[in-house]
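Remember, it's 1-based here, ligands and their atoms both numbered in the order they're listed.
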Amino acid sequence: MKRAIYPGSFDPITFGHIDIIERSVKLFDEIIVAVLNNSQKNSLFSASERVTMIQEIVKDYPTVTVCSFEGLLIDFAKEQDANIIIRGLRAVTDFEYELQIAQTNHVECPALDTVFLTTSLNYSYLSSSVVREFASYGGDISKFVPKQILPLIEEKYKN
Ligand code: PNS
């Protein structure tokens with residue numbers, strides 16, 4: 001049984017993340033989308049709001065579950081009995097940081113491996129921070145996120 005964790009901030013989830021989830025479904029038996037609940041970080045959506053949004057988006061994938069976690073990813077992976085971490089790589093600029101985290105996690109927990117999926121070209125520019133920046137100025141973000149979460153993002157920037 002290949003159980004993999006796809007961790008991230010997902011603040012908010014974008015088409016780039018969804019692309020990685022859809023491709024991971026074909027590679028692994030179970031995927032746990034794990035939303036980092038980081039109380040130090042000022043996020044747009046609370047962890048439970050992000051979990052609910054993602055659950056709605058992945059509801060047609062029976063092998064995908066969504067939850068939040070706090071603390072170290074390696075501890076969460078042990079708890080979930082998962083030994084694969086999935087991360088998306090958009091560009092070379094992502095690589096250095098991702099390599100360091102993957103190697104650190106592997107040193108701390110040798111049973112844990114990180115698998116990198118290269119983001120599809122049409123989403124290689126996309127990030128949650130770009131979505132937030134655009135939305136904060138009232139820009140059109142319909143090419144970046146699914147339509148069911150558009151009003152939720154707009155609501156956040158209403159005032
Ligand atoms: O979407 P992001 O913000 O790039 O995701 C980063 C995430 C959540 C995968 C990463 O920050 C993480 O795993 N955080 C949990 C704390 C942890 O285990 N850090 C490892 C430091 S070496």
Under the 3.5 angstrom rule, does the side chain of Ser43 hit a backbone N or O of Ser46 as a donor-acceptor pair?
no

Write none if no such pair exists; otherwise list each N/O atom of ligand 1 with its protein N/O partner under 3.5 Å and the distance.
| from | atom 1 | to | atom 2 | distance (Å) |
| --- | --- | --- | --- | --- |
| ligand 1 | 1 (O) | Ser9 | N | 2.9 |
| ligand 1 | 3 (O) | Ser9 | OG | 2.6 |
| ligand 1 | 4 (O) | Arg87 | NH2 | 2.9 |
| ligand 1 | 5 (O) | Arg87 | NH1 | 3.3 |
| ligand 1 | 18 (O) | Leu73 | N | 2.8 |

CZ (Phe15) with more than 12 external heavy atoms under 6.0 Å
yes

Applying side chain to side chain donor-acceptor pair (under 3.5 Å), can you list everything that pairs with Ser136, at least two apart in sequence or on another chain?
none

If the condition is salt bridge (charged side-chain N to carboxylate O under 4.0 Å, His left out), which residues does Glu56 pass it with, not counting sequence neighbours?
Lys59

Applying ring pair (Phe, Tyr, Trp, His ring centres under 6.0 Å), which residue pairs with at least one partner in residues 79-118 are found, sequence neighbours left out?
none

Heavy-atom side-chain proximity of Glu79 to Phe69 below 4.5 angstrom
no

